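Because the structure is a prediction, the values reported are computed rather than measured.
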Amino acid sequence: MAVEDEFYDPTGLETSATGLSTARPDDERYAALAADLREQVAGEVQFDEYAQVLYATDGSIYQARPAGVVLPRGIADVQATVEIASSYDLPILPRGTGSSLAGQTVGNGCVVIDFTKYMDDIVAVDTDARRATVQPGVVQDHLDERLARDGLQFAPDPASSNRATIGGGIGNNSTGAHSVRYGITDAYTEELQVVLADGSLIHTREVVLGSDEHDAIVAKDDAEARIYQTVRELVETHEDEIEARFPDLKRSVSGYNLQKVIYENDAGEEVINLSKLFVGSEGTLGVIVEATVSLVTKPDETALALYCFDDLVDAMEAVPEALEFPVSAVELMDDEVFRLARESEGYAEYAEPIPDGTTAALMLEWDNELVDDFGAAVADTNAHFVESGTAFDVLEAYSEADQDQLWKLRKAAIPLLMSLEGDPKPYPFIEDATVPPEELAEYVGKFENVLDTHDTSAAYFAHAGVGTLHIRPILNLKADEGIEKMHSIADDVTDLVVEHHGAFSGEHGDGMARTEFNPKMYGEDIWGAFKQLKTAFDPEWLLNPGNVVYREKASDPGPESDRGVGADMRDHLRYGPEYQSIEPQSELDFDDEGGFSHLVELCNGCGTCRQTDSDVMCPTYRASKEEIQTTRGRANMLRAAISGELGEDEIHSERFQREVLDLCVGCKGCKSDCPTGVDMAKLKAEVKHQYHEENGASLRSRLFGNIDALSALGSRLAPLSNLASSVPGSRRLLERVFGIAPERELPTFRSESFEEWFDRRGGATVSADEADAKVLLFPDTYTNYTYPDAGKAAVDVLEAANVHVRVCDDLEPSGRAAFSTGLLDEATSRARHNVETLRPLVDDGWHVAFIEPSDAVMFQDEYRDLLDGPDVETVAAAAYGVMEYLDLTRADDRLDVDAPAELLTYHGHCNQKATNKDHHAVGVLRRSGYEVDPLDSGCCGMAGSFGYEAEHYDISQAIGRILFRQVEESDGAVVTVPGASCRSQLGDRPGESQPPHPIEKVAEALEE
């Protein structure tokens, strides 16, 4: 397994295997079911209220509490779960990442089967046959990373591929930007292992009709035989209606694939392949436990061109023209996407190149399997769209980095749109309507009329090349009027889609959002066939009932109950007219986020926080694979608490603090990586503060929140203080009294602080009169008392750049430690003192530089949450990490450097990555003469005091192992790291020493 799959295994008293308290659920039937499951299932069984809340939502607008969740370890676990849940007459819902947009991965009272933690292996890759066999929980990007070694890939490429699973993709019949070139998932799903509703396991594959193999299957007296017989009979009986009703499009994923289950194979034989039926069935026909998929070759090179239009209809009319060129993708974005990206801290850089006045843009891609000369191909389309057409500009991207910028912008469109301020949001419920590309412009015109009729607007982005428009009307679903508008718009758009020979869903499936309209889409005969098909596979309608197909009344085919009866897209909404949340009185300023509650509710469930291969968030999820450790999980729990879904004052309970908040390391990655900007570090600090106000702060919280005072004392008593930890029994005493992990190496205090060293040397050696600049160097706690070498190197480098340096001796600690532990009163007091002290100096032309990144970001970001007014804004704007200062002012251009011939491995600090300030160190190091390999790494797992806490030591190490593996895989001879916590974590590895700060490497490069 990859290092991120070496899961942290929490331990603790009275907890389940997941670290969740084993609280007895309200429904005794659920408790009995959970007990039976635990006897038979080797995986994890979670049936407490927290688990129910965590799995009640996905990436859609819906919410429905399940009975509980099972995380199976293998096929036997899945079979046992299905059989036991069936014996309790409870519905069953298979689930991948839960990024679905139509509500098909949530279900009221369901037993959810989550495959993402354990059943995520790549079983086999056959490069000659171009096939791969995988378990359903494999993330698509992980599969593609493995296939890339052999020049292969899985063709469907949803925007969520960095967290979406292959099993989920099969369930939804997913696709992505390259469906122009490759089509959708059903074309690549060859064989499946499926657990049926009775717990039996079947193997689906091509079976030649009339062959001995086929005859042997249908001769049996079992569920599989019944299914084969029913499917063939339905297809043959409804052949004409199937031909008439199923749209002829590259994308059509509503209903069941009756049009694809019987076909002629490459040998000219008529075959039946039930695999094609399970694709897009949303878990309503069976539970997929293994899949064999076909693969395509991966192009070596690609090129992109983005054509800018000042009119949306012009862009739509250009789509069929674009398809006349040898392109592999044709994507559309509108000005609302660009505006939101520009306003997003994490995506502003991607929108920066888009020219002003761009109302809509078409993005075309070519690959080297389709064209030989990218320059000539782009010149052809430039001549057509710009020189002779309606586009007014074009952006060309040939390098991987430049193309990645544009693709990141396109893939961020969905979650970015959900970051709109206020209750009205561009909600997904008709965003997958698909029409023939040549009818797009006419369709959009009529769609605009629908919006006008309902007095609303929408944002547009699209897989335009296949006619799929992600149009999201802006509605307030917390009001009855908005809900009714949603239903009426969906009804009208279904009529439009049928009129244009389209599909109501071309990508994200039916689910709770669209199942209601399938009868209108397919007509009475096919609709009846769908219900017969469902009953053949699932006689009791236990598998994800009410999705894809539903029963009009209890007397319809199915169980003698109301299970699966009715489908109304207005049911089970996450927000509705009865939804209310409590806006707490907060110590921090949440005005920029629209309030505490609004910041919590910005989480739309897209699951970006479940990605494991890039960016910063969410480090504890990467180590544990637990939903509660994602930003989404924590946001869902906070929303449940402030809306009254959880018990009164649950948010201030010890359990909520321990299970929901304590494993948030405060890396701030969600502030930038979450497309809607759910800043969980800020939310955690506020809730922790309120908890302390209610219950008082622990001795350890006080200790770590005031670590500067302890460090100052340790420095004064050094070297005696350094011997204390070596006294027999002292480590265990620290664990018992303060909860400090005995395995951790404790800081070594210096008897001479950095401030004392600076005074002893006589202060600055570059006079203020002769200097090019003036810098106040902040003496952070770690640099001052434990590792002054980085501070000394900073002074040497700054003075070599002709900077007048002063080490501030009249400032208080930044307050970072107090903020992180929720001691906001102390953090505010320190912030106020520092701002009042620094404002006059900043006005006099001084900049403030920090050796420790977390302190720099504290001044730049958190101070604005603690204080308001022009003083804090002025001081925050003058605050820089020391490498950031050198880069932005180009002070390093004044250095005489001659770096040794070294390749440095650089691991940046998560706080700086979250505020887009991490790249400065790389630039300075390279200009100093070093080669640098910057790691795409997240949090180191130490996170200030977090890694010292005994109960967090194991997960801190699990997070750290992800970084350790990245360091080992780098070719760098030396690792350099700016953060004190990161250097401690890396230095604690057996046989390793603490790596240097980047400023030390710059100092080494200075010519004598």
Side-chain angles (χ1 to χ4, degrees), residues 616 619 665-669 672 747 754 775 777-784 786-798 814 816-817 820 848-861 879-889 891-892 899 902 904-928 930 932-944 947 960 963 966-967 970 972 974-988 992-1005:
V616 179
V665 299
C667 68
K668 294 173 66 73
S672 60
F754 172 55
V775 167
L777 199 57
F778 184 85
D780 66 87
T781 300
Y782 191 78
T783 301
N784 206 21
T786 297
Y787 193 72
D789 291 359
K792 296 174 184 179
V795 172
D796 289 344
V797 171
L798 289 168
S814 72
R816 165 60 69 192
S820 297
V848 189
F850 299 81
I851 295 145
E852 173 56 37
S854 62
D855 285 312
V857 174
M858 185 73 187
F859 272 69
Q860 294 165 335
D861 193 16
Y880 303 88
V882 65
M883 302 299 284
E884 178 189 5
Y885 172 80
L886 292 171
D887 188 36
L888 288 176
T889 65
D892 62 310
E902 282 185 330
L904 303 178
T905 297
Y906 173 72
H907 163 66
H909 194 278
C910 51
N911 284 180
Q912 286 189 319
K913 287 187 175 186
T915 51
N916 198 30
K917 297 179 183 296
D918 178 56
H919 60 282
H920 298 294
V922 176
V924 173
L925 289 168
R926 285 173 174 164
R927 291 197 299 274
S928 297
Y930 294 104
V932 185
D933 176 19
L935 299 178
D936 186 9
S937 50
C939 179
C940 70
M942 197 68 173
L963 172 61
Q966 290 176 297
V967 169
S970 171
V974 176
V975 182
T976 182
V977 182
S981 292
C982 312
R983 299 203 301 277
S984 297
Q985 179 80 305
L986 287 163
D988 276 358
E992 298 290 341
S993 58
Q994 196 169 111
H997 191 291
I999 196 67
E1000 294 181 87
K1001 298 305 296 180
V1002 178
E1004 284 181 28

Check [X] against [Y] and note the closest heavy-atom contact, atom names and distance.
X: Pro995; Y: Val977; result: CG-CG2, 4.0 Å
X: Ala856; Y: Gly881; result: CB-N, 3.8 Å
X: Pro998; Y: Met883; result: CB-CE, 3.8 Å
X: Ser854; Y: Glu852; result: OG-OE2, 3.1 Å
X: Val616; Y: Cys939; result: CG1-N, 4.3 Å
X: Gly979; Y: His909; result: CA-CD2, 3.6 Å

### Task
Find out whether Tyr782 and Arg983 are in side-chain contact, i.e. whether some heavy atom of one side chain is under 4.5 Å from a heavy atom of the other.
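Contact flag for Tyr782/Arg983 side chains = yes.
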
Rounded to the nearest 0.5 Å, what separation is found between the [atom1] atom of [X] and the [atom2] atom of [Y]?
X: Asp988; Y: Ser993; atom1: CG; atom2: OG; answer: 11.5 Å
X: Arg926; Y: Asp887; atom1: CZ; atom2: CG; answer: 11.5 Å
X: Leu935; Y: Leu963; atom1: CG; atom2: CG; answer: 7.0 Å
X: Ile999; Y: Thr783; atom1: CD1; atom2: OG1; answer: 11.0 Å
X: Tyr787; Y: Gln994; atom1: OH; atom2: CD; answer: 6.0 Å
X: Phe850; Y: Met858; atom1: CZ; atom2: CE; answer: 10.5 Å

Any side-chain to backbone donor/acceptor pair from [X] onto [Y]? Under 3.5 Å, distance only.
X: Ser928; Y: Tyr930; value: no
X: His997; Y: Ile851; value: yes
X: Asn911; Y: Cys667; value: yes
X: Gln912; Y: Val857; value: no
X: Ser984; Y: Ala980; value: yes
X: Ser970; Y: Gln966; value: no
X: Asp933; Y: Thr905; value: no

### Task
Begin from the C-alpha positions of Asp855 and Thr781 and carry the test side chain to side chain contact (heavy atoms under 4.5 Å, CB included) through to its verdict.
CA-CA 10 Å; Asp855 285 312; Thr781 300; over 6 Å; no

### Message
Out of the candidates Leu925, Val882, Asp796, Asp892, only one should pair with Val1002 under the side chain to side chain contact (heavy atoms under 4.5 Å, CB included) rule; please name it.
### Response
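For Val1002, the side chain to side chain contact (heavy atoms under 4.5 Å, CB included) test succeeds with only one of Leu925, Val882, Asp796, Asp892, which is Leu925.
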
### Query
What's the verdict on side-chain hydrogen bond (donor to acceptor under 3.5 Å, both in side chains) for Tyr906 and Asp918, showing C-alpha distance, side-chain angles and the deciding distance?
CA-CA 10 Å; Tyr906 173 72; Asp918 178 56; 2.9 Å; yes

### Query
For Gln985 and His907, what are the C-alpha separation, side-chain angles and deciding distance, and is it a side chain to side chain contact (heavy atoms under 4.5 Å, CB included)?
CA-CA 12 Å; Gln985 179 80 305; His907 163 66; over 6 Å; no

### Test log, rule side chain to side chain contact (heavy atoms under 4.5 Å, CB included), inputs Glu1000 and Asp789
CA-CA 8 Å; Glu1000 294 181 87; Asp789 291 359; 3.7 Å; yes

### Evaluation steps, side chain to side chain contact (heavy atoms under 4.5 Å, CB included), between Ser672 and Lys913
CA-CA 8 Å; Ser672 60; Lys913 287 187 175 186; over 6 Å; no

### Task
Answer yes or no: is there an ion pair linking Arg816 with Asp780, defined by an N-O contact shorter than 4.0 Å?
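Salt bridge absent between Arg816 and Asp780.
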
### Task
Classify the ring geometry between Phe778 and Phe859 as parallel (under 30°), tilted (30 to 60°) or perpendicular (over 60°).
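Ring orientation, 0 to 90° scale: perpendicular.
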
